[in-house]
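Chain letters run A, B, ... following the sequence lines, proteins first, then strands; residues in each count from 1. Nothing here was measured: the structure is a model prediction, and the numbers come from that model.
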Protein chains: 2
Amino acid sequence: MQHQQSKQQPPRAFRQLKSWLQEHNSTLPKRLQSVAAYAVSHPDMIALNTIAVISEQIGVTPSTIFRFAKSLGYKGFSDMQSIFQESMRHISQPYAERIHSLDRQMSQKATAFQRFAIAANRAIEKLSQTETQLLLQASHKLADANIVYIAGQDRAAPVSVYLHYMLVKMGMQAVILEGTPSMLVDKAKLISASEMLLAISFSPYSVNTRELVDVCIEQQVSVISITDSTLSPIARRDAICLEIIEHEVAGFRGLSATMCLAQCLAVEAGKCRANMNSQ
Amino acid sequence: MQHQQSKQQPPRAFRQLKSWLQEHNSTLPKRLQSVAAYAVSHPDMIALNTIAVISEQIGVTPSTIFRFAKSLGYKGFSDMQSIFQESMRHISQPYAERIHSLDRQMSQKATAFQRFAIAANRAIEKLSQTETQLLLQASHKLADANIVYIAGQDRAAPVSVYLHYMLVKMGMQAVILEGTPSMLVDKAKLISASEMLLAISFSPYSVNTRELVDVCIEQQVSVISITDSTLSPIARRDAICLEIIEHEVAGFRGLSATMCLAQCLAVEAGKCRANMNSQ
DNA sequence: TTGGTTTTGAAATATACATTCCATAAAAAA
DNA sequence: TTTTTTATGGAATGTATATTTCAAAACCAA
């Protein structure tokens, strides 16, 4: 039998579709997973483009995208696309204009520089629309912890460094986890329940960070993860997961929005901590 | 002769299109006016639907809509539709929520989170208006150097880490200067003329970084400094100085704009380097 | 390995859609 | 009014796009 097509009616609202994908994506074939990841983070592309250009963007064949829609239970691509489109309807125009204020400058001769600025702005704009609730929850958790262990390598390293700096400034004990992979795991095993792990990882996800998250969750240690997709291996149901989508320019993703999130997270945590101490 | 088709290029941005329509709609034939009115008030419909359903909504025939597009100077309906679609791109997800968040932004009741986002956006916006020339100069200098030594502590540390990561990724040898203050000075003295120093420092300026800049300039070693004011001690006449103004929220400055600058700097340098190698 | 199964890519087909064309209606000029 | 020009609707056409099909590749269990 082919990959089981979900027999139930497919989600008719984007929100449901998104969470369905987060749940089941690990059971999907490889290519379908790529499509899922892309669809969740670039819904506007799915809504506005043809199968051909989307497939090229993702780097899969058009058939794959069609099968993706089918495997979710939709009648076909167009059927699925209509869900994405529905989620864009009734947009208030003034807001759209505001977002594109920079675009006008770009129309003719955008300097390379401006392109980066635009991408960063977009990412932040998108970020600011996410649930504030989640962020506050995360802040509280950080404030509650006796020690915050921070893990993040490669492109995530600057975020670790910044969060470490900020948390300490805000009066919280924070430690950056460093060392050889095996040592890291050993360190993680020593984290107690009153402490917590703050994991940062972006695609391509480093195995190290993932392992740390595994260890902590297994030990009932609280985890907050910052990542670029809720499909990321460090996004778990047991952890608070803050998602950030940085746009790509010239093949590279920035960190502007991520830094904004980090700053906010640290400052909010600091406030919580201050309240706790004064009581 | 048919109704005059505007000979000039049609508007390529929705905003322009909108005001053009408001200007000239009285000179349009009756049916075309209906279409114009509908288009400005329901741009999402135009973006997301086929000629057939739009025409039914307005109560005109499909041909009319096609002619409308033509009369504005577009190649056809699809061409015009792409303008409408462009105005919706990168705007995603829960629109209900989105609009609420907009309202909150407008009505001063912004969540802490949104305040950070706005501040970051402003900073980037301002940044994107600065001289590109300087940035390109800096990129070239980076590309020319055999080794780039990076110095930056405290709040500047994440920037160091990021630039280090990016430069190495782009194929340039880069080293982060670490160690005790006296050791740092010794290391700096060993930097040769074919190499360079990239110094990052924000108020309150660390004495360390300042000293490094002093040593290098004395030895005729090229210096690029990234700082938050041209009055900063690491801004020198002999050095290329990139200035960044991050806005303050709740007493803290972020790093979003700085990261954007860093990304751009590294990528541009990478391009230069690639050109050099290919020749 | 081998045989069976699932997944994938590429070409073939069908469908939906924009576009064109023409005949007719309305409006403007004579 | 008649004549000419402009605007409109409806059917015919061609093109772009989704969908189907099928064979090859990858995967897995025995």
>> Let me spell it out: for each of B/Q81 and B/K30, pick the nucleotide of DNA chain C with the closest heavy atom. Which residue's pick is nearer the 5' end?
In response: B/Q81
>> Return whichever of A/T64 or B/G76 has its heavy-atom-nearest nucleotide of DNA chain C closer to the 5' end.
In response: A/T64
For the side chain of [X], starting at C-beta, report the closest nucleotide among [options].
X     : options                : result
B/R67 : D/dT8, D/dT19, C/dA18  : D/dT8
A/P29 : C/dT19, C/dT8, D/dT8   : C/dT8
A/K70 : D/dT19, D/dT20, D/dG10 : D/dT20

>> Mind checking if A/S63 touches a base, just sugar-phosphate, or nothing, with heavy atoms under 4.0 Å?
In response: base
>> Classify B/F66 by what it touches in the nucleic acid, base, sugar-phosphate, or nothing, heavy-atom distance under 4.0 Å.
In response: base
[X] [atom1] - [N] [atom2] separation (whole Å):
X     : N      : atom1 : atom2 : value
A/I51 : C/dT15 : CD1   : P     : 16 Å
A/N49 : D/dT17 : CG    : C1'   : 13 Å
B/F68 : D/dT8  : CZ    : P     : 13 Å

> What are the residues of residues 52-60 of chain B, sorted by number, that bring a heavy atom to within less than 4.0 Å of DNA chain C?
Replying inline: B/A52
Can you give the donor-acceptor pairs under 3.5 Å from side chains of residues 32-40 of chain A to other protein atoms, not counting sequence neighbours?
from: A/Q33; atom 1: NE2; to: A/N25; atom 2: O; distance (Å): 3.2
from: A/Q33; atom 1: NE2; to: A/L28; atom 2: O; distance (Å): 2.9
from: A/S34; atom 1: OG; to: A/K30; atom 2: O; distance (Å): 3.3
from: A/S34; atom 1: OG; to: A/R31; atom 2: O; distance (Å): 3.4

> Rounded to the nearest 0.5 Å, what separation is found between the CD1 atom of B/I83 and the OG atom of B/S78?
Replying inline: 12.0 Å
> Going through the checks in order, is the side chain to side chain donor-acceptor pair (under 3.5 Å) test met by A/Q153 and A/T209?
Replying inline: CA-CA 8 Å; A/Q153 300 179 325; A/T209 310; 4.5 Å; no
>> Quiz question: by atom type and distance under 3.5 Å, do the side chains of A/D228 and A/Y205 form a donor-acceptor pair?
In response: yes
>> Can you confirm whether the side chains of A/S63 and A/T61 place a donor and an acceptor under 3.5 Å from each other?
In response: yes
